[in-house]
**Student:** 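Once you've had a glance at the structure underneath, I'll fire off some questions.
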Amino acid sequence: MTEFTMSMDPKWHHAIEFGDKRATTRLKRKCEVADYFMLNGRKYVVTRILGLPLWDAARFYEYEGFRTRDEYIDAIRSYYPDVDDGTKVYIHFFTEVRE
C-alpha cells in the first residue's frame, strides 16, 4: 500500500466525505489497487480500477456523484475537452479507511 497524490476539485470534497462520490475518472491510471490518498485529513484506499472507453465508463456515473449519465459525460468533457466517446479513461473506485 503506497500513498499517492490524487488532486480533486474542492467542489467534490463534501460529496467524498459524505460517501456520495466513491470514484474518480482520469485519463491515466494514477495508482494500483490498495494504494491510498489523503483528503482533508482522511484516508481513502483505492479498491478497484477499470480502464474503459468513456461511453462504457458512463454507466458508473452514480459512483462519481452524478444523477445522470449525461451529467457525468458533460463533467468529464469539461475537465478533458478532447475526450470523445471512444477515449479510454480510468475509473478509480475508493473508500474511506476508518482506523
Side-chain angles (χ1 to χ4, degrees):
M1 194 156 44
T2 303
E3 183 174 3
F4 70 100
T5 301
M6 180 71 83
S7 60
M8 200 72 66
D9 188 326
K11 75 178 183 178
W12 292 112
H13 290 193
H14 185 267
I16 292 168
E17 290 172 3
F18 284 91
D20 296 329
K21 180 174 175 61
R22 303 176 314 276
T24 185
T25 301
R26 304 301 167 112
L27 293 182
K28 296 179 181 176
R29 187 178 175 123
K30 300 291 285 183
C31 63
E32 297 298 323
V33 170
D35 289 347
Y36 68 94
F37 63 95
M38 301 297 293
L39 182 68
N40 294 336
R42 296 179 179 194
K43 184 177 183 178
Y44 297 88
V45 65
V46 174
T47 57
R48 185 177 183 196
I49 301 170
L50 296 176
L52 302 167
L54 180 62
W55 67 267
D56 194 16
R59 66 186 154 122
F60 296 102
Y61 68 88
E62 290 177 298
Y63 289 90
E64 281 270 10
F66 294 99
R67 291 175 292 175
T68 69
R69 179 183 172 94
D70 288 339
E71 283 181 0
Y72 167 80
I73 290 172
D74 289 346
I76 296 301
R77 289 185 174 150
S78 75
Y79 287 114
Y80 309 113
D82 295 334
V83 167
D84 62 29
D85 286 346
T87 302
K88 186 173 185 177
V89 296
Y90 294 86
I91 308 170
H92 298 70
F93 296 87
F94 55 84
T95 189
E96 184 176 0
V97 176
R98 298 185 183 190
E99 300 177 285

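Note that the numbering runs from 1 along the sequence shown for the chain.
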**Student:** Supply the atom-to-atom distance Asp85 CG to Leu54 CG, rounded to the nearest 0.5 angstrom.
**Tutor:**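 Between atom CG of Asp85 and atom CG of Leu54 there are 6.0 Å.
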**Student:** Taking C-beta and beyond as the side chain, do Leu52 and Phe60 meet within less than 4.5 Å on heavy atoms?
**Tutor:** yes
**Student:** Is any side-chain heavy atom of Phe93 less than 4.5 Å from a side-chain heavy atom of Val33?
**Tutor:** no
**Student:** Return the set of residues passing side chain to side chain donor-acceptor pair (under 3.5 Å) with Tyr44 (not counting sequence neighbours), or none when no residue passes.
**Tutor:**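 By the side chain to side chain donor-acceptor pair (under 3.5 Å) rule, Tyr44 matches no residue at all.
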**Student:** Partners of Thr87 by side chain to side chain donor-acceptor pair (under 3.5 Å), sequence neighbours excluded?
**Tutor:**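 Once residues adjacent in sequence are excluded, the partners of Thr87 under the side chain to side chain donor-acceptor pair (under 3.5 Å) criterion are Asp84.
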**Student:** If the condition is salt bridge (Lys or Arg N to Asp or Glu O under 4.0 Å), which residues does Arg69 pass it with, not counting sequence neighbours?
**Tutor:**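 Partners of Arg69 by the salt bridge (Lys or Arg N to Asp or Glu O under 4.0 Å) criterion come out as none, since no residue qualifies.
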**Student:** I need the minimum non-hydrogen distance between Trp12 and Gly65, along with the two atoms involved.
**Tutor:** CZ3-O, 4.4 Å
**Student:** Not counting sequence neighbours, which residues clear side chain to side chain contact (heavy atoms under 4.5 Å, CB included) with Arg29? List them please.
**Tutor:**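 Applying side chain to side chain contact (heavy atoms under 4.5 Å, CB included) to Arg29 gives Glu32, Ile49, Tyr90, His92.
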**Student:** Taking all heavy atoms of Leu27 and all of Val83, pick out the closest pair and write down the distance.
**Tutor:** CD2-CG2, 3.6 Å
**Student:** With sequence neighbours excluded, give me every salt bridge (charged side-chain N to carboxylate O under 4.0 Å, His left out) pair touching residues 8-24.
**Tutor:**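 Passing the test, one end in residues 8-24: Lys21-Glu64.
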**Student:** Is Cys31 close to Arg26 at the side-chain level, that is, under 4.5 Å between some pair of heavy atoms?
**Tutor:**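 No, side chains not in contact.
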**Student:** Name all residues meeting the ring-ring contact (aromatic ring centres under 6.0 Å, His included) criterion together with His14; count only those two or more places apart in sequence or in a different chain, and write none if there are none.
**Tutor:**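 His14 satisfies ring-ring contact (aromatic ring centres under 6.0 Å, His included) with Phe18 only.
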**Student:** Hydrophobic cluster mates of Tyr36, side-chain heavy atoms under 4.5 angstrom, ILVMFWY only, any path?
**Tutor:**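 The other cluster members (ILVMFWY side chains, heavy atoms under 4.5 Å, direct or chained) are Met1, Met38, Val45, Val97.
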**Student:** Please report the shortest heavy-atom distance between Pro53 and Gly86, naming the atom on each side.
**Tutor:** CB-O, 3.8 Å
**Student:** Only counting residues at least two apart or in another chain, list the ones meeting salt bridge (Lys or Arg N to Asp or Glu O under 4.0 Å) with Glu62.
**Tutor:** none
**Student:** So, using side chain to side chain donor-acceptor pair (under 3.5 Å) as the criterion, who are the partners of Glu96 when residues are at least two apart?
**Tutor:**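 By the side chain to side chain donor-acceptor pair (under 3.5 Å) rule, Glu96 matches Arg98.
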**Student:** Show every side-chain hydrogen bond (donor to acceptor under 3.5 Å, both in side chains) that has at least one partner inside residues 50-61, sequence neighbours left out.
**Tutor:** Asp56-Arg59
**Student:** Should we count NZ of Lys43 as having more than 12 external heavy atoms under 6.0 Å?
**Tutor:**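 Count over threshold, so yes.
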**Student:** Minimum heavy-atom separation for Ala75 and Phe66, please, with both atom names.
**Tutor:** CB-CZ, 3.3 Å
**Student:** Rounded to the nearest 0.5 Å, what separates atom OG1 in Thr24 from atom CE in Met8?
**Tutor:**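 If I round to the nearest 0.5 Å, the distance is 4.5 Å.
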**Student:** Which residues pass the ring-ring contact (aromatic ring centres under 6.0 Å, His included) test with Phe4, not counting sequence neighbours?
**Tutor:** Phe37
**Student:** Under the criterion side chain to side chain donor-acceptor pair (under 3.5 Å), which of Tyr80, Tyr72, Tyr79 is the partner of Thr25?
**Tutor:** Tyr72
**Student:** Can you sort out the partners of Asp74 under side chain to side chain donor-acceptor pair (under 3.5 Å), two or more places apart, ordered by chain and number?
**Tutor:**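 In terms of side chain to side chain donor-acceptor pair (under 3.5 Å), with neighbours along the sequence ignored, Asp74 is linked to no residue.
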